[in-house]
K.L.:
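Attaching a single structure in structure tokens format; questions to follow.
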Amino acid sequence: MPETLPRYAFGPFLLNPAERHLLRDGRPVALPPKALDVLAILTARAGHLVAKDDLLEAAWPGVVVEENALSVAVSRLRTALGEAGRGYVETVPGHGYRFVAPVTVLSAAETDEPYPLAGDSMASGPSVEDVVPTLSGDGVGRLAPTQKPPARTVPLDDGPARGNRSAWRIELFSGVGLIVLLVLVVLASRGNRADETPTVATHDPPAEALLAYRRGHALWESRRGETMIEALAQFNRATALDSAFAAAYVGEAQVYALGYRTGPAAEAAIARALTLDSTLAEAWATRGFVRAFQYWDWAGAEAAIARAAALDPDDVTTLQWLASLRMVQRKLPEAEAALRRALTRAPDYAALHADLCEVLYYRRAYEEAGAACDRALALDPAQPMALQHRYWIRLAMPEGRVEAAHLLAGGGRADFDAFRRARLHARTGARDSTLAYVEQAVAERMFVAPFLNPDPLFDFVRGDPRWVAAMRRMGLE
């Protein structure tokens with residue numbers, strides 16, 4: 001049983017493989033899922049050499065990945081462990097890795113600590129898609145529940161780092177967990193019929209629950225990975241204090257949606273919200289977002305967002321998720337109009353300015369896009385998506401081609417995923433490798449894969465049958 005698995009203490013760290021979290025001095029540390037798997041394997045065999053093949057087989061069971069995936073996972077592990085990381089994991093060139101720090105094996109009873117709900121830092125780097133996945137049980141959850149992970153054995157020209165994207169799996173629940181999941185699916189199906197018997201929340205949440213909700217919402221709006229666990233904790237607290245607090249369930253769903261949880265987790269929270277208040281536009285809009293980017297169910301997304309807009313055409317969340325939908329459909333004027341309308345309601349919402357920056361980038365209005373990102377960063381200097389978009393605007397400039405080539409040649413980060421590699425190869429004009437990584441991003445059902453569609457970097461391959469096939473696979477024309 002998972003709850004009987006031992007924990008491993010080393011230095012200031014405590015690793016709990018069963019709960020899939022790493023603590024440093026009692027505070028959670030962000031660790032990509034495969035890096036956590038590697039750490040668990042190494043600590044269980046501390047002091048002994050673990051061959052590369054054994055690590056690959058154990059951490060990526062049944063999946064063919066390149067050896068580079070392992071080196072990426074170890075690199076991220078060392079980053080998470082801090083500057084002293086290399087004092088924990090020893091590389092044995094040509095053979096494998098050894099965990100060299102003293103490890104104390106603790107029983108479950110010795111470390112029966114509650115899972116901490118807040119942390120100092122989840123991960124480094126500016127990208128939400130890099131850091132938020134630590135919220136989910138296995139950190140990936142990007143496949144719809146009925147889909148199986150695709151086999152990927154196609155060699156690519158510069159050894160893509162597949163470690164953080166390669167082995168998708170849906171966690172199996174046993175016993176009570178399975179029953180709970182079935183109940184949640186039933187609730188979700190009932191939520192689809194909420195318009196048949198409208199319900200409206202008629203009570204006021206207690207002050208403590210309302211305060212927790214407001215804190216959670218403010219943290220979620222920042223979109224920063226290091227705040228997402230705390231945002232979820234605050235929404236959880238709000239619903240624990242008031243089980244009829246519909247908006248707090250929507251908050252939970254929004255964190256799940258951006259945290260790449262599989263659809264049922266977000267759908268169940270939305271269904272609960274709609275059972276309590278079927279007139280809540282934000283809940284319908286969030287359902288539309290989940291349908292779009294978790295399932296690529298564009299018709300379902302349209303219907304849910306249309307319902308939200310009918311309930312409240314000026315709801316900021318509805319306008320923002322409508323803009324995201326229109327972006328990937330390449331209906332860029334509509335996306336821009338939705339965001340500008342949202343900004344009349346929430347002019348100080350940094351994430352809206354970051355999204356406006358994104359759509360203006362897609363429209364090749366680079367100067368305006370940069371100004372929108374600057375406004376986002378003036379409101380929140382650490383706004384992650386504004387930092388990301390600023391980066392791609394810079395690469396879109398004439399000198400960006402050289403920078404992209406430099407990064408791909410190993411002069412920069414070596415752990416770019418298929419989505420980023422597709423964009424970098426596109427910037428260099430390399431058709432075959434660009435399309436190979438586009439196909440890989442789509443095959444992996446990456447959350448951000450639909451956003452390849454509007455990116456002007458790919459204009460030179462839009463007529464290629466491989467590009468057309470990849471877009472059609474996502475349901476995008």
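Quick note: numbers below take in every heavy atom, side chains included, and nothing from hydrogens, waters or symmetry partners.
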K.L.:
Determine, stepwise, if the pair R214 / L210 fulfils side-chain contact (heavy atoms from CB on, under 4.5 Å).
P.N.:
CA-CA 6 Å; R214 288 174 175 168; L210 187 60; 3.5 Å; yes
K.L.:
Identify whether the distance between the nearest side-chain nitrogen and carboxylate oxygen of E267 and R272 falls below 4.0 Å.
P.N.:
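Salt bridge: no.
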K.L.:
What do the steps show when you test V250 against I270 for side-chain contact (heavy atoms from CB on, under 4.5 Å), and what is the final call?
P.N.:
CA-CA 6 Å; V250 177; I270 296 165; 6.0 Å; no
K.L.:
Could you check whether D455 pairs with R462 (Lys NZ or Arg NE/NH1/NH2 to Asp/Glu carboxylate O, under 4.0 Å)?
P.N.:
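Salt bridge absent between D455 and R462.
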K.L.:
I'd like to know whether the aromatic ring centres of H353 and Y349 sit less than 6.0 Å apart in this structure.
P.N.:
no
K.L.:
Could you check whether the rings of F293 and F447 sit parallel, tilted or perpendicular, using 30° and 60° as the cut-offs?
P.N.:
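Answer is tilted, since the angle falls between 30° and 60°.
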K.L.:
Distance under 6.0 Å and angle within 45° of the ring axis: does R291 meet both against W298?
P.N.:
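The answer is no; the distance or angle limit is not met.
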K.L.:
Would D374 and R390 count as a salt bridge (charged side-chain N to carboxylate O under 4.0 Å, His left out) here? Give the steps.
P.N.:
CA-CA 9 Å; D374 288 346; R390 258 295 185 194; 2.9 Å; yes
K.L.:
Closest approach of A309 and T318, non-hydrogen atoms and distance?
P.N.:
N-CG2, 3.8 Å
K.L.:
Which atom pair, heavy atoms only, marks the closest approach of A308 to W284?
P.N.:
CB-CB, 3.7 Å
K.L.:
Could you tell me whether E367 atom CD has more than 12 heavy atoms of other residues or ligands within 6.0 Å of it?
P.N.:
no
K.L.:
Under 6.0 Å between the ring centres of Y361 and W392?
P.N.:
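Y361 vs W392: aromatic centres not under 6.0 Å.
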K.L.:
Determine, stepwise, if the pair E302 / R326 fulfils salt bridge (charged side-chain N to carboxylate O under 4.0 Å, His left out).
P.N.:
CA-CA 10 Å; E302 288 282 1; R326 295 293 178 257; 2.7 Å; yes
K.L.:
Q383 and E221: side-chain donor and acceptor closer than 3.5 Å?
P.N.:
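No pair is found: no donor N or O on one side chain lies under 3.5 Å from an acceptor on the other.
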K.L.:
Let me see the working for D348 and R375 under salt bridge (charged side-chain N to carboxylate O under 4.0 Å, His left out), right down to the final yes or no.
P.N.:
CA-CA 9 Å; D348 295 329; R375 286 191 291 273; over 6 Å; no
K.L.:
Quick one: do the T239 and E252 side chains pair a donor with an acceptor below 3.5 Å?
P.N.:
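Distance-only check passes for T239 and E252.
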K.L.:
Side chains of R237 and Q234: do they bring a donor and an acceptor to under 3.5 Å?
P.N.:
no
K.L.:
Return the minimal non-hydrogen interatomic distance between W220 and A231, and the atom names on each side.
P.N.:
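Looking at all heavy atoms of both residues, the closest pair is N-CB, 3.9 Å.
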K.L.:
Less than 4.0 angstrom from a charged side-chain N to a carboxylate O is my criterion; do R224 and D380 meet it?
P.N.:
yes
K.L.:
Would H425 and T434 count as having a side-chain donor-acceptor pair, cut-off 3.5 Å?
P.N.:
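On atom types as modelled, these side chains do not qualify, holding no pair under 3.5 Å.
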K.L.:
Name all residues meeting the salt bridge (charged side-chain N to carboxylate O under 4.0 Å, His left out) criterion together with E368; count only those two or more places apart in sequence or in a different chain, and write none if there are none.
P.N.:
none
K.L.:
Restricting to non-hydrogen atoms, name the atom on A470 and the atom on V442 that form the minimum distance, rounded to 0.1 Å.
P.N.:
O-CG1, 3.9 Å
K.L.:
Going by an N to O cut-off under 4.0 Å, is there a salt bridge joining E403 and R394?
P.N.:
yes
K.L.:
Identify the two heavy atoms, one from F451 and one from S324, that lie closest to each other, and give their separation to 0.1 Å.
P.N.:
CE2-O, 4.2 Å
